[in-house]
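Order of the sequence lines fixes the chain letters, A, B, ..., with proteins taken first and strands second; residue numbering starts at 1 for each chain. All values below come from the heavy atoms of this structure, side chains included, with hydrogens, waters and symmetry mates left out.
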Amino acid sequence: MMYSKEFAKVLYEALEERVTMDHLEPFIEKPKHLERGDLAFPCFSLAKTERKSPQLIAQEVSQKINSPLFEKVEAAGGYLNVFLNKQEVTAQVLEEILQKKQNFGASNSGKRRTVAIDMSSPNIAKPFSMGHLRSTVIGQSLALLLAQCGYKPVKINHLGDWGTQFGKLITAYKHWGNEEKVKANPIKELLALYVKFHEEAEKNVRLEAEGREWFKRLEDGDEEAAKLWKWFRAESLKDFSRIYKLLNIDFDSYAGEAFYNDKMDHVVDLLESRGLLTESEQAQVVSLEEEDLPPCLIKKSDGATLYATRDLAAALYRKETYNFEKALYVVGGEQSLHFKQLKAVLKKLGFDWADDLVHVSFGMMRKDGKKMSTRKGQVVLLEEVLQESIALAKENIELKNPNLPNKEEVARQVGVGAIVFNDLKNYRMNDIDFSLEDILRFEGETGPYVQYTHARACSILRKAAWDGEKEMPIQLSGEQEWEVIGLLMAFPETIKKAAAAFDPSRVAKHIIDLAQAFNKYYAEVKVLQEDEQKESRLAFVSAVTQVLRKGLSLLGIEAPDEM
RNA sequence: GCGCCUUUAGCUCAGCAGGAUAGAGCAGCAGCCUCCUAAGCUGCAGGUCAGAGGUUCAAAUCCUCUAAGGCGCGCCA
């Protein structure tokens with residue numbers, strides 16, 4: 001759909017095949033300013049081989065080009081600028097989108113190969129905080145993008161349902177817990193206990209040891225510990241499922257850390273048999289000196305397992321179960337060392353597929369410039385933010401469109417869309433300082449802005465009773481539509497790049513640009529005006545709705561037809 | 001101390017497999033609803049691209065160093 005290949009071919013001929021395609025196509029670029037044309041080729045690189053000034057080359061080549069696809073070729077400075085035939089290209093682009101509909105931009109380059117995605121992974125007995133939102137929405141969008149490229153994503157919610165923290169929690173419950181209170185308000189009460197534990201632990205050092213002891217008992221199958229753990233876990237999952245429902249996200253697997261309990265001996269044995277395990281300060285470690293990394297802790301001095309042990313077991317299990325081509329870990333950047341170690345240990349075990357593990361790292365969500373800490377009770381609850389956003393969306397609806405039929409559902413779509421979009425619109429590596437004000441903004445570069453643009457476009461189609469099924473030739477000069485057309489045709493390429501770079505923000509930026517361009521058009525052109533081009537304009541509007549909806553859906557955001 | 005990440009307009013960020021006058025949004029100011037949803041559109045104002053060297057015909061973009069901030073560096077995950 002991009003025309004750079006055609007341009008390169010034409011250049012190739014104009015240069016009488018003295019320069020290979022490989023030296024032409026990659027250099028073709030899109031001028032920053034529309035007045036400079038649609039595609040440009042800088043001739044500087046040819047100056048040496050052609051032994052002419054770039055200006056002269058551009059001049060000469062421009063005169064040799066004669067293609068029906070280009071309506072104008074211009075030499076400007078050392079650049080060769082071409083202007084596409086707007087009418088022709090507009091018709092081609094629109095016809096393709098209307099024919100492919102929601103499959104526009106899809107490819108099968110993934111050949112149905114599996115990509116495991118470790119994502120979301122909230123901690124049991126802790127509230128689902130804003131911090132966990134990032135992994136959840138980035139993972140979800142990557143799954144959608146990869147599916148779009150023909151891969152088979154497997155979304156794994158690697159629940160944080162095991163570890164010393166449960167020893168601490170059990171300790172806290174034993175000391176200060178109250179069954180009735182926890183039953184009445186599970187997560188809130190468990191969080192309070194967890195916070196209290198850390199407060200008390202500062203005064204009483206013995207608590208930490210007690211926490212470790214309880215965890216050890218849990219690992220050894222102590223009945224009381226297990227019972228409490230099961231209870232905490234069940235309550236937490238109930239809480240999480242409410243949030244996943246709001247976000248409209250589901251998982252292929254909820255195999256969390258505890259799932260690997262019976263699979264860790266195997267890992268330890270394996271390490272042992274290869275002679276990789278050494279004792280250090282009473283703990284079992286794998287030395288990674290050759291790799292220039294700190295040693296990887298496998299077993300604590302009391303014999304209990306660690307995060308790394310579980311992740312090793314998980315990697316082996318996933319490879320065996322899913323035979324993935326790639327395994328993504330959508331986990332915060334602060335764990336990058338852990339993943340380096342994980343891969344290094346797998347490599348030492350002789351598993352070459354360790355190279356297929358990818359840490360899809362992202363920046364930290366901070367509050368007032370500081371890391372959010374569950375231990376200190378400084379968390380912003382995702383559910384509260386979601387509900388607030390939904391309520392605000394509802395207010396807007398009452399104000400702007402009080403007769404809207406399904407207000408509640410639309411308010412949910414818009415409110416949630418605002419939050420998800422806000423998280424995905426920036427490059428994932430950036431740290432984000434939590435700002436309720438920014439998140440609850442529905443104007444400018446936001447999810448609701450894109451949704452609104454889509455809804456307005458839908459509204460036009462509704463008024464015209466447009467049915468996309470009938471075939472008809474597109475008759476548009478393309479002059480006013482041109483900026484939008486450019487963005488429509490570049491969309492498939494954006495999907496590919498976003499998937500390849502594991503970067504949903506590219507899609508978000510693309511649909512913002514598209515929405516902006518279309519809103520400009522909307523302000524200038526009366527689509528429903530009765531003339532010969534009306535049907536073609538409707539086709540154009542329909543294509544825009546298709547791509548906007550597709551773009552939003554790839555971010556995991558819904559697109560109401562009316563709002 | 002070592003490693004990774006970040007630094008572009010008052011604020012939040014695009015742009016970075018080098019290319020033509022550095023772009024949005026928010027905030028500010030000035031306009032636009034007898035007309036397809038004003039969650040919109042138009043205009044104005046706002047920048048030594050952290051700093052210094054280097055590579056190149058060409059550097060916000062690549063390399064080196066410096067500075068500032070963040071994160072990590074053995075029994076947390």
Side-chain angles (χ1 to χ4, degrees), chain A residues 26-27 29 31-33 36 40 42-45 47-48 53-54 76-79 81 121 123 158 160 162-165 168 211-212 257 280-285 292-302 304-308 310-311 331-338 340 361 363-364 366 369-371 375 393 396-397 399-401 404 414 418 422 425-427 429-433 435 437-438 441-453 455-464 505-506 509 512-513 515-516 519-529 537 541 562-563:
Chain A
F27 295 95
E29 57 192 52
K32 281 182 198 145
H33 303 273
R36 288 228 166 74
C43 301
F44 307 95
S45 58
K48 268 182 198 152
S53 76
Y79 290 86
N81 297 329
S121 315
N123 293 322
H158 192 63
W162 205 248
T164 313
Q165 51 177 339
K168 295 178 179 177
R212 281 194 295 273
E257 294 185 51
S280 164
E281 297 167 38
Q282 283 90 55
Q284 298 291 312
V285 310
D292 221 19
L293 291 167
C296 182
L297 277 271
I298 301 296
K299 268 191 166 182
K300 299 202 253 188
S301 44
D302 65 2
T305 61
L306 285 143
Y307 182 49
R310 267 164 259 144
D311 252 5
V331 178
E334 67 270 25
Q335 290 188 42
S336 61
L337 178 60
H338 163 74
K340 276 186 198 157
S361 165
M364 180 167 294
R366 281 177 283 141
K370 282 175 293 189
K371 185 175 177 173
R375 290 201 301 251
N396 275 299
I397 291 168
L399 212 66
K400 296 162 201 271
N401 197 358
L404 186 70
V414 174
N422 181 264
K425 76 176 171 187
N426 293 135
Y427 182 53
M429 288 302 278
N430 296 348
D431 285 344
I432 300 180
D433 200 76
S435 155
E437 197 188 333
D438 285 348
R441 182 166 278 144
F442 293 177
E443 292 154 23
E445 296 170 337
T446 65
Y449 172 83
V450 180
Q451 289 172 317
Y452 176 68
T453 309
R456 284 213 297 189
C458 284
S459 172
I460 294 176
L461 299 178
R462 210 180 308 121
K463 290 226 157 82
S505 74
R506 291 174 188 246
K509 280 161 203 150
I512 283 193
D513 290 344
Q516 281 176 340
N519 277 325
K520 207 175 289 175
Y521 175 87
Y522 182 97
E524 281 168 10
V525 179
K526 174 98 178 147
V527 176
L528 292 177
Q529 190 182 342
R537 281 195 302 270
V541 171
E562 209 176 333
M563 66 186 262

Spacing of [X] atom [atom1] relative to [N] atom [atom2], expressed in whole Å:
| X | N | atom1 | atom2 | value |
| --- | --- | --- | --- | --- |
| A:Glu445 | B:A24 | CD | P | 10 Å |
| A:Glu29 | B:C16 | CD | C1' | 14 Å |
| A:Arg212 | B:G74 | CZ | C1' | 13 Å |
| A:Met429 | B:C16 | CE | P | 17 Å |
| A:Arg506 | B:G15 | CZ | C1' | 11 Å |
| A:Ile512 | B:G23 | CD1 | C1' | 13 Å |
| A:Glu334 | B:C71 | CD | C1' | 7 Å |

Looking at side-chain heavy atoms only, is the closest gap between [X] and [Y] below 4.5 Å?
| X | Y | result |
| --- | --- | --- |
| A:Val527 | A:Tyr521 | yes |
| A:Val525 | A:Arg537 | yes |
| A:Ile512 | A:Val450 | yes |
| A:Asp311 | A:His158 | yes |
| A:Leu337 | A:Leu293 | yes |
| A:Met563 | A:Gln451 | yes |
| A:Glu562 | A:Cys458 | no |
| A:His338 | A:Tyr307 | yes |

Counting only side-chain nitrogens and oxygens, does [X] get under 4.0 Å of the OP1 or OP2 atom of [N]?
| X | N | value |
| --- | --- | --- |
| A:Asn396 | B:U37 | no |
| A:Ser336 | B:G72 | no |
| A:Lys400 | B:A39 | yes |
| A:Arg310 | B:A77 | yes |
| A:Lys300 | B:C76 | yes |
| A:Thr164 | B:A77 | yes |
| A:His338 | B:C76 | no |
| A:Ser301 | B:C75 | no |

Salt-bridge criterion met for A:Arg366 and A:Asp431 (N-O under 4.0 Å): yes

Side chain of [X] only, please: which of [options] is the nearest?
| X | options | answer |
| --- | --- | --- |
| A:Ala40 | B:A20, B:U37, B:A39 | B:A20 |
| A:Lys526 | B:C75, B:A77, B:C36 | B:C36 |
| A:Lys509 | B:G74, B:G15, B:A20 | B:G15 |
| A:Tyr427 | B:U37, B:A14, B:C75 | B:A14 |
| A:Leu528 | B:C36, B:C26, B:C5 | B:C36 |

Collect all protein-nucleotide pairs involving nucleotides 54-64 of chain B in which both atoms are nitrogen or oxygen and the distance is under 3.5 Å.
none

Intermediate values then yes/no, salt bridge (Lys or Arg N to Asp or Glu O under 4.0 Å), A:Lys520 and A:Glu524: CA-CA 6 Å; A:Lys520 207 175 289 175; A:Glu524 281 168 10; over 6 Å; no

B:U12 base / A:Arg441 side chain donor-acceptor hit below 3.5 Å: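 By the distance-only test, no, there is no pair.
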
base_contact_polar (B:G74 base, A:Ser280 side chain, donor-acceptor, <3.5 Å): yes

Steps toward side-chain hydrogen bond (donor to acceptor under 3.5 Å, both in side chains) verdict (A:Thr164, A:Lys300): CA-CA 11 Å; A:Thr164 313; A:Lys300 299 202 253 188; 3.0 Å; yes

Just to be sure I understand the rule, does [X] reach a base, reach only the sugar-phosphate, or reach nothing, if contact means heavy atoms closer than 4.0 Å?
| X | result |
| --- | --- |
| A:Leu306 | sugar-phosphate |
| A:Ser361 | nothing |
| A:Val285 | base |

A:Leu337 or A:Gly77, whichever maps to the more 5' nucleotide of RNA chain B: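 Counting from the 5' end, the first nearest nucleotide belongs to A:Gly77.
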
RNA chain B: 5'-proximal contact among A:Glu257 and A:Gln284 (nearest heavy atom): A:Gln284

Step-by-step side-chain hydrogen bond (donor to acceptor under 3.5 Å, both in side chains) determination, A:Asn426 to A:Ser505: CA-CA 5 Å; A:Asn426 293 135; A:Ser505 74; over 6 Å; no

Greater than 12 external heavy atoms within 6.0 Å of A:Lys299's NZ: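 Count not over threshold, so no.
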
Dot-bracket encoding per residue of RNA chain B, Watson-Crick/G-U cut-off under 3.5 Å, | denoting interstrand: (((((((..((((.....[...)))).(((((.......))))).....(((((..]....))))))))))))....

Syn-anti status, with the boundary at 90° from 0, for the nucleotide B:C33: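 B:C33: syn glycosidic orientation.
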
Stepwise side-chain hydrogen bond (donor to acceptor under 3.5 Å, both in side chains) check, A:Asn519 with A:Arg456: CA-CA 9 Å; A:Asn519 277 325; A:Arg456 284 213 297 189; 2.9 Å; yes

Where protein sits on nucleotides 40-48 of chain B, one letter per nucleotide: B base, S sugar-phosphate only, - none, heavy atoms under 4.0 Å: SSS------

